[in-house]
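First the structure, in the form of structure tokens, and then the observations on it.
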Amino acid sequence: MLAAGFGTRLRPITDTVPKCLVPVRGRPLLEHWFDLLFSAGIERVLINTHYLPDVVRRFVAQSPWSSRVDIAYEETLLGTGGTVLRNREYFAGQSFMLAHADNLSSFDVHAFLARHQERPPGAEITMMTFDTDSPRSCGIVETDPQGLVTGFHEKVPDPPGRRANGAVYIFEPTILDFLRSLSKPVIDLSTEVLPRHIGRIFTFHNDDYHRDIGTPESLRLAESEFSSRV
């Protein structure tokens, strides 16, 4: 779980609350994620921290899932891909799921895992997609009939559709080899990894619920939309 960001667009809320702990319907985002993942049988979760790390540590320590959560503090932010690379030994050569803790998402975890197992030969990533109501603010994806990504448009003014990258992935361990080949500590997945894997990214569509809690407006919408799911 990527949980290190400053959440500047959500200030003043995030002046004292890390973005991953911003509440929706009275429950912090990380709590929603823990319930979703652990109830589906995920064994362990690793969280990276940077901004207000002690607040995140206290929350985890008080969580009923604390014994199954590990925390990796980053003194300097490494980017989404850099975080994965730094913690590569944690994954022990196995496939792993990566998600942004500042998203609010509801989906069938087992179906996502099964979809990854059904990926075409050569696919190293399965990306969760969703239909966004704000295409210009998202990474819009194009896919072929198999469900492989053929085009990726990151926050462009005239995107070709509304099928978006949900920033939840399942990676094969070969992605770690690619990250290492870049020979640098700070790496961004959206700009440095995904574009170089076009044709090797499979997709799983989330038609339940997904929203990036990045702005006061998106938080307001989530409070309204997610109410019937609590």
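Along the sequence shown, residues carry numbers from 1.
Inter-residue side-chain proximity for Arg57 and Tyr73 is flagged as met; some heavy-atom pair is nearer than 4.5 Å. Two residues are said to be in side-chain contact when any heavy atoms from C-beta on lie closer than 4.5 Å; Arg88 and Arg180 meet this criterion. The shortest distance between side-chain heavy atoms of Thr132 and Ile140 falls below 4.5 Å. Counting heavy atoms from C-beta outward, Tyr90 and Arg44 have side chains that approach closer than 4.5 Å. A 4.5 Å side-chain heavy-atom check between His205 and Arg115 finds every atom pair outside the cut-off. The closest side-chain heavy-atom distance from Leu78 to Ile187 is not below 4.5 Å. Residues Leu52 and Leu21 have side chains not in contact (no heavy-atom distance under 4.5 Å, counting atoms from C-beta outward). Here the side chains of Phe130 and Arg211 are not in contact, with every heavy-atom distance at 4.5 Å or above.
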Can Asn165 and Leu194 be said to form a side-chain contact (heavy atoms from CB on, under 4.5 Å), step by step? CA-CA 10 Å; Asn165 174 13; Leu194 298 183; 3.6 Å; yes
Hey, mind stepping through Leu182 and Leu85 against side-chain contact (heavy atoms from CB on, under 4.5 Å) and telling me if it holds? CA-CA 10 Å; Leu182 297 177; Leu85 179 61; over 6 Å; no
Start with the C-alpha distance between Val149 and Thr203, add both sets of side-chain angles, then the distance that settles side-chain contact (heavy atoms from CB on, under 4.5 Å), and finish with yes or no. CA-CA 7 Å; Val149 174; Thr203 51; 3.6 Å; yes
When you look at Tyr51 and Leu77, which way does the side-chain contact (heavy atoms from CB on, under 4.5 Å) test go after all the steps? CA-CA 9 Å; Tyr51 178 61; Leu77 289 173; over 6 Å; no
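The aromatic rings of Phe107 and Phe112 stand perpendicular to each other, their planes meeting at an angle above 60°, with 30° marking the opposite boundary. Ring pair Phe178/His197 is perpendicular by interplanar angle, where above 60° counts as perpendicular and below 30° as parallel. The aromatic rings of Phe91 and Phe96 lie parallel to each other, their planes meeting at an angle below 30°, with 60° marking the opposite boundary.
Residue Val186 is not grouped with residue Leu179 when hydrophobic side chains (ILVMFWY) are merged at heavy-atom distances under 4.5 angstrom, including chains of intermediate members. Placement of Val193 and Val168 in two distinct hydrophobic clusters is found when ILVMFWY residues are connected by side-chain heavy-atom separations under 4.5 Å, directly or transitively. Note on Val69: it clusters hydrophobically with Phe59, by side-chain heavy-atom contacts below 4.5 Å among ILVMFWY residues. Residues Ile125 and Phe204 are members of separate hydrophobic clusters, defined by side-chain heavy-atom contacts under 4.5 angstrom among Ile, Leu, Val, Met, Phe, Trp and Tyr. A continuous path of ILVMFWY side-chain contacts below 4.5 Å connects Val45 to Val55, so both sit in one hydrophobic cluster.
Scanning both residues, Cys20 and Val56, for their nearest heavy atoms gives SG-CG2, 3.9 Å. Here the closest heavy-atom approach between residue Arg68 and residue Ile42 is recorded as NH2-O, 2.7 Å. In plain terms, the two heavy atoms of Phe226 and Ser106 that are nearest each other are CE1-CB, 4.2 Å. For His100 against Thr80, the heavy-atom pair with the smallest separation is CE1-CG2, 3.6 Å. Closest approach of Asn206 and Ser105 over heavy atoms only: ND2-OG, 3.3 Å. The two residues Ser95 and Pro173 have their closest heavy-atom pair at N-CD, 4.0 Å.
For the atom pair OH (Tyr169) and CE (Met127), the distance works out to 5.0 Å, reported to the nearest 0.5 Å. In this structure, CD1 on Ile201 lies 12.5 Å from CZ on Arg196, to the nearest 0.5 angstrom. The distance from the CE atom of Met1 to the OG1 atom of Thr83 is 12.5 Å, given to the nearest 0.5 Å. Taking CZ from Arg25 and OG from Ser224, the interatomic distance works out to 8.5 Å, rounded to the nearest 0.5 Å. Taken from CD1 in Ile198 to CG in Leu148, the straight-line distance is 10.0 Å, to the nearest 0.5 Å. Note that the OG1 atom of Thr215 and the CG atom of Leu221 stand 7.5 Å from one another [nearest 0.5 Å].
By the 4.0 Å N-to-carboxylate-O rule, Glu223 lies too far from Arg220 to be salt-bridged with it. Salt bridge status for Glu74 with Arg86: absent, with no side-chain N to carboxylate O gap under 4.0 Å.
At a cut-off of 3.5 Å, with distance as the only test, no side-chain donor of Thr150 or Asp144 sits close to an acceptor on the other residue.
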